[in-house]
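Reading through the structure tokens given below for one structure.
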Amino acid sequence: MAFETLLRHWTKHINLVSASDSLVLWDRHVKDSAQLFQLIPPDWRLWLDLGSGGGFPGIVIAIMAKDVHPSGQIALVESDARKATFLRTVIRELDLAAVVHAKRIADVAPQKADIISARALASLPALIELAIPHLTPLGTALFPKGRQVAGEIAAARRHWRFELTSVPSRTDPDATLLCLKGLARA
């Protein structure tokens with residue numbers, strides 16, 4: 001896979017994935033990111049990935065969408081200039097329908113995204129706070145979470161209202177995919 005080749009090459013120069021993760025790259029990052037695609041509505045227009053880092057899940061989703069949903073646009077937010085350069089290189093070399101915002105999330109203009117994702121970025125309450133300015137009223141937030149998911153959901157419900165669908169991860173028995181809709185302050 002061309003993305004994997006680029007990722008391995010760039011990881012030698014900047015920290016995109018850890019050395020131990022590079023040994024299990026496909027299962028740990030690619031498959032984990034790809035499973036989000038099963039949770040999305042078919043008519044999405046803009047997918048915003050917050051804190052994209054090495055392109056998980058944003059680049060993986062852009063690769064999947066290229067053939068399945070070519071009218072969809074992916075926007076990746078990454079404040080680290082080196083990682084943003086890597087993401088732009090992947091987008092150009094793989095001819096993906098994606099753009100990179102090389103800014104802090106708080107500095108990005110509201111995006112009106114149909115779908116927002118973030119992987120290993122922050123706690124659920126913090127993710128909702130970051131996502132809400134960028135999400136359409138009928139939009140969906142997709143957040144993979146680990147063992148502490150129940151506590152994060154409880155903490156988020158103290159400040160936010162939302163419809164929640166929780167799906168077990170196919171790649172990690174301790175992880176859960178959270179699908180949130182109808183986000184509003186409590």
Side-chain angles (χ1 to χ4, degrees), residues 17 21 24 26-65 68-69 71-79 98 101 103-186:
V17 295
D21 277 358
V24 291
W26 192 256
D27 289 332
R28 173 79 175 97
H29 295 292
V30 177
K31 285 183 180 178
D32 191 57
S33 295
Q35 68 182 330
L36 293 177
F37 210 74
Q38 71 182 342
L39 302 175
I40 60 173
D43 60 345
W44 63 276
R45 176 189 53 80
L46 176 62
W47 182 311
L48 181 67
D49 185 43
L50 304 176
S52 297
F56 304 107
I59 291 291
V60 174
I61 296 303
I63 292 167
M64 295 175 73
V68 178
H69 192 69
S71 62
Q73 174 77 27
I74 312 293
L76 302 102
V77 180
E78 177 53 55
S79 63
H101 299 285
K103 300 178 179 181
R104 294 174 35 87
I105 297 164
D107 296 334
V108 175
Q111 296 294 297
K112 298 181 181 172
D114 303 298
I115 302 166
I116 291 185
S117 60
R119 184 173 174 263
L121 180 65
S123 68
L124 185 58
L127 287 174
I128 294 171
E129 189 75 42
L130 291 169
I132 203 125
H134 301 290
L135 195 62
T136 63
L138 299 175
T140 301
L142 299 174
F143 302 131
K145 288 301 197 174
R147 290 186 183 105
Q148 305 302 318
V149 68
E152 289 191 41
I153 292 168
R157 290 212 184 269
R158 288 196 280 277
H159 303 284
W160 301 98
R161 291 189 323 266
F162 49 87
E163 301 166 29
L164 174 66
T165 304
S166 183
V167 178
S169 170
R170 292 187 205 166
T171 61
D172 181 348
D174 294 325
T176 303
L177 307 176
L178 300 182
C179 179
L180 289 76
K181 295 181 181 183
L183 287 167
R185 290 203 185 273

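All residue numbers in this chain count up from 1 along the given sequence.
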(request) Please report the C-alpha distance between Gln38 and Leu177 in whole Å, then the side-chain angles of each, then the deciding distance to 0.1 Å, and finally whether the side chain to side chain contact (heavy atoms under 4.5 Å, CB included) criterion is met. (result) CA-CA 11 Å; Gln38 71 182 342; Leu177 307 176; 3.8 Å; yes
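- Residue pairs meeting the salt bridge (Lys or Arg N to Asp or Glu O under 4.0 Å) criterion with at least one member in residues 131-149, sequence neighbours excluded, are Lys145-Glu152, Arg147-Asp174.
- Taking the side chain as every heavy atom from C-beta outward, Leu36 and Arg119 never approach each other to under 4.5 Å.
- Here the straight-line distance linking atom NZ of Lys181 with atom OG1 of Thr140 works out to 4.0 Å at 0.5 Å rounding.
- Annotation: side chain to side chain donor-acceptor pair (under 3.5 Å) contacts of Ser52 (sequence neighbours excluded): Asp49.
- One finds the CH2 atom of Trp44 at 7.5 Å from the OG atom of Ser71 (value rounded to the nearest 0.5 Å).
- Residues satisfying the side chain to side chain donor-acceptor pair (under 3.5 Å) criterion with Glu129, sequence neighbours excluded, are Arg185.
- In Arg104, the CZ atom is not crowded: 12 or fewer heavy atoms of neighbouring residues, nucleotides or ligands sit closer than 6.0 Å.
- Closest approach of Ile132 and Ala184 over heavy atoms only: CD1-N, 4.2 Å.
- With a 4.5 Å cut-off on side-chain heavy atoms, Arg157 and Leu164 count as touching.
- The nearest pair of heavy atoms linking Lys112 to Thr136 is O-CG2, 3.2 Å.
- Considering every non-hydrogen atom in both Pro57 and Ser117, the closest pair reads CG-OG, 3.5 Å.
- The structure places CG of Leu127 at 11.5 Å from CG of Leu142, a figure rounded to the nearest 0.5 Å.
- Under the rule for a side-chain contact (heavy atoms from CB on, under 4.5 Å), the partners of His101 that lie at least two apart in sequence or sit in another chain are Ala75, Val77, Val99, Val108, Gln111.
- Residues satisfying the side chain to side chain donor-acceptor pair (under 3.5 Å) test with Glu163, not counting sequence neighbours, are none.
- Not a single donor-acceptor pair under 3.5 Å links the side chain of Gln73 to the backbone N or O of Leu46.
- To the nearest 0.5 Å, the span separating CD1 on Ile61 from NE2 on His69 amounts to 11.5 Å.
- In this structure, Trp47 and Phe37 have parallel ring planes: the angle between them is below the 30° cut-off, well short of the 60° mark.
- Between Leu50 and Ile116 the shortest side-chain heavy-atom distance falls below 4.5 Å.
- Note that CD1 of Ile115 is 7.5 Å distant from CD1 of Ile74, once rounded to the nearest 0.5 Å.
- Here the CG atom belonging to Leu124 is positioned 6.5 Å from the CZ atom belonging to Phe143, to the nearest 0.5 angstrom.
- Taking Arg161 as the reference, nothing meets the side chain to side chain donor-acceptor pair (under 3.5 Å) condition, with sequence neighbours excluded.
- Taking both residues in full, the closest heavy atoms of Ala98 and Leu76 are given as CB-CD1, 3.9 Å, listed atom of the first, atom of the second, then distance.
- Residues Ser169 and Asp32 form a side-chain contact, since some pair of their non-hydrogen atoms from C-beta on lies under 4.5 Å apart.
- Between the side chain of Arg158 and the backbone N or O of Pro125, no donor-acceptor pair lies under 3.5 Å.
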(request) In sequence, state the C-alpha distance, the side-chain angles, and the governing distance for Leu121 and Leu130, and then conclude on side chain to side chain contact (heavy atoms under 4.5 Å, CB included). (result) CA-CA 10 Å; Leu121 180 65; Leu130 291 169; 4.2 Å; yes
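- Heavy-atom minimum distance, Ser166 versus Leu178: OG-CD2, 3.9 Å.
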